[in-house]
Amino acid sequence: MALLAAVVVYALLLWRGPWWVDGAHIRDKNLQPADGVIITGVRTALVALGAGFVAGIGLYYTHQSHRHAEKLYLHSQEQFEHAREKDREQVELTREGQVTGRYVEAIKLLSSEDLTQRLGGIYALERIMRDSEKDFSTVVKVLAAFVRTRSPLPSTTGDSGGPGLDVQAALTVLARRPQVKSVTVDLSRTDLRGADLRYANLNGCNLRDARLEKAKLDYASLNRTNLSGATLDKATFTRAQLIETYLNVKSMVDADLTFAAIEDPPILTSALFDARLSKYTTAPSEMPDEFREKWDRRARECDENMVVVNEPEPWPGTVPVD
């Protein structure tokens with residue numbers, strides 16, 4: 001109705017508008033050329049106004065349609081993001097469920113009486129440790145507890161044939177773990193005599209009171225490692241890195257530090273001077289004078305009896321990956 005009324009009014013304006021606007025100068029009858037000029041001018045102006053009005057209405061509705069389409073688009077985007085977030089959550093829940101299932105199975109294998117199954121559990125935990133950042137700390141603690149349980153300090157003295165295959169496998173997994181500063185590997189009070197820890201990442205490890213006689217620690221990284229009270233007789237440290245390492249060890253008789261690098265140890269004890277030192281050993285830059293004299297004297301003694309056939313390869317900088 002409103003549109004019809006507007007059309008009628010506009011038609012009346014076009015018909016009678018010239019007389020309403022300028023009736024004093026337009027004749028009603030016997031129109032002259034001058035009257036036609038006025039009528040045409042008025043009607044042309046009305047047509048222009050009408051066209052502008054229609055164009056304005058068109059623009060208004062176009063703008064409204066655009067805003068509506070934009071709102072629909074934004075709404076669809078929100079729905080899409082919401083659906084995608086739900087999908088991500090579902091995928092994460094599914095993944096966590098799978099990891100949890102794998103973890104439970106690995107723990108079952110780890111507690112088995114069968115050596116093969118225990119080895120399978122250890123390597124399954126390594127895979128979980130690498131696949132799931134959330135479970136990294138838990139896996140490290142479980143494997144460290146496994147080593148402490150399976151290889152505690154012996155109650156009697158005597159030689160050791162080295163750690164069992166399962167303990168060595170757990171040590172290898174821990175030794176090649178990705179480095180995470182907030183996770184400490186606790187191997188304190190363990191019997192690791194003869195353990196193969198070459199190229200091991202033992203940074204920040206707790207090896208307090210551990211037995212490490214004849215352990216192979218060549219090319220190992222022991223930065224900030226706690227060796228307080230550890231026994232390291234005849235252990236080898238070729239090219240090992242011992243930076244800020246706690247070296248208040250219990251015993252280090254004939255431990256081979258010939259090509260090791262020892263820098264800025266927070267604590268030193270005289271037991272260090274029972275080890276084999278050399279001019280090739282990187283000495284701490286700061287030591288008490290009495291320790292410096294003992295170091296130099298011990299290095300000279302060892303160098304007199306040492307024959308180096310081939311100097312070992314330098315520290316590779318990264319731990320080799322199997």
Side-chain angles (χ1 to χ4, degrees), residues 94-180 183-218 220 222 225-227 229-236 319-322:
T94 302
R95 180 175 174 276
E96 288 185 0
Q98 292 173 344
V99 170
T100 301
R102 289 163 55 195
Y103 177 78
V104 171
E105 290 301 317
I107 293 299
K108 289 180 181 178
L109 292 173
L110 199 64
S111 60
S112 171
E113 294 298 323
D114 183 72
L115 173 62
T116 303
Q117 291 187 359
R118 291 200 300 274
L119 291 174
I122 290 167
Y123 293 120
L125 285 173
E126 180 182 25
R127 182 64 181 271
I128 294 170
M129 176 177 67
R130 294 182 179 277
D131 289 348
S132 175
E133 184 178 348
K134 291 182 180 179
D135 297 293
F136 180 89
S137 175
T138 301
V139 171
V140 169
K141 291 176 181 178
V142 167
L143 289 175
F146 175 80
V147 173
R148 295 196 304 272
T149 302
R150 301 287 300 186
S151 191
L153 289 179
S155 57
T156 59
T157 59
D159 293 334
S160 170
L165 291 176
D166 51 355
V167 172
Q168 181 60 63
L171 288 172
T172 300
V173 170
L174 289 171
R176 64 189 180 200
R177 76 196 185 285
Q179 182 62 41
V180 177
V183 180
T184 299
V185 180
D186 185 5
L187 297 174
S188 60
R189 300 186 62 77
T190 50
D191 184 3
L192 303 181
R193 287 176 290 176
D196 187 352
L197 294 167
R198 288 173 291 184
Y199 294 97
N201 169 16
L202 297 173
N203 293 334
C205 272
N206 180 11
L207 287 164
R208 178 185 289 272
D209 298 326
R211 296 280 301 272
L212 285 157
E213 295 99 314
K214 298 182 180 179
K216 299 177 182 67
L217 291 153
D218 308 301
L222 296 119
T225 301
N226 186 357
L227 291 172
T231 306
L232 293 154
D233 298 348
K234 297 184 179 179
T236 58
V319 177
V321 179
D322 291 347

Atom [atom1] in [X], atom [atom2] in [Y]: separation rounded to 0.5 Å?
X      : Y      : atom1 : atom2 : value
Asp186 : Asn206 : CG    : CG    : 4.5 Å
Leu197 : Lys216 : CG    : NZ    : 9.5 Å
Leu212 : Leu232 : CG    : CG    : 5.0 Å
Arg189 : Arg211 : CZ    : CZ    : 11.0 Å
Ile128 : Ile107 : CD1   : CD1   : 8.0 Å

Is the shortest heavy-atom distance from the side chain of [X] to the side chain of [Y] under 4.5 Å?
X      : Y      : result
Leu217 : Leu202 : yes
Arg102 : Ser132 : no
Tyr103 : Asp135 : no

Mind listing the closest non-hydrogen atom pair of [X] and [Y] along with its distance?
X      : Y      : value
Ala124 : Ala106 : CB-CB, 3.9 Å
Leu207 : Ala230 : O-CB, 3.7 Å
Ala170 : Phe146 : CB-CD2, 3.9 Å
Asp166 : Leu119 : CA-CD2, 3.8 Å
Leu110 : Ile122 : CD1-CG1, 3.4 Å
Thr184 : Gly204 : CG2-O, 3.3 Å

Just to verify, which of Leu174, Leu125, Val183 counts as forming a side-chain contact (heavy atoms from CB on, under 4.5 Å) with Val139?
Leu125
Sole candidate of Leu187, Asp191, Leu171 that passes side-chain contact (heavy atoms from CB on, under 4.5 Å) when paired with Ser151
Asp191
Main-chain N/O of [Y] paired with [X] side-chain donor or acceptor, under 3.5 Å:
X      : Y      : value
Ser112 : Lys108 : no
Thr149 : Ala145 : yes
Thr172 : Gln168 : yes
Arg208 : Leu227 : no

Is a side-chain donor-acceptor pair under 3.5 Å present for Asp209 with Ser188?
no
Do other residues, nucleotides or ligands put more than 12 heavy atoms under 6.0 Å from the CZ atom of Arg148?
yes
Within 6.0 Å of CZ in Arg130, more than 12 heavy atoms from elsewhere
yes
Leu192/Val147 under side-chain contact (heavy atoms from CB on, under 4.5 Å): CA gap, chis, key distance, verdict:
CA-CA 9 Å; Leu192 303 181; Val147 173; 4.0 Å; yes
Arg177 vs Leu143, side-chain contact (heavy atoms from CB on, under 4.5 Å): CA-CA, chis, key distance, verdict
CA-CA 11 Å; Arg177 76 196 185 285; Leu143 289 175; over 6 Å; no
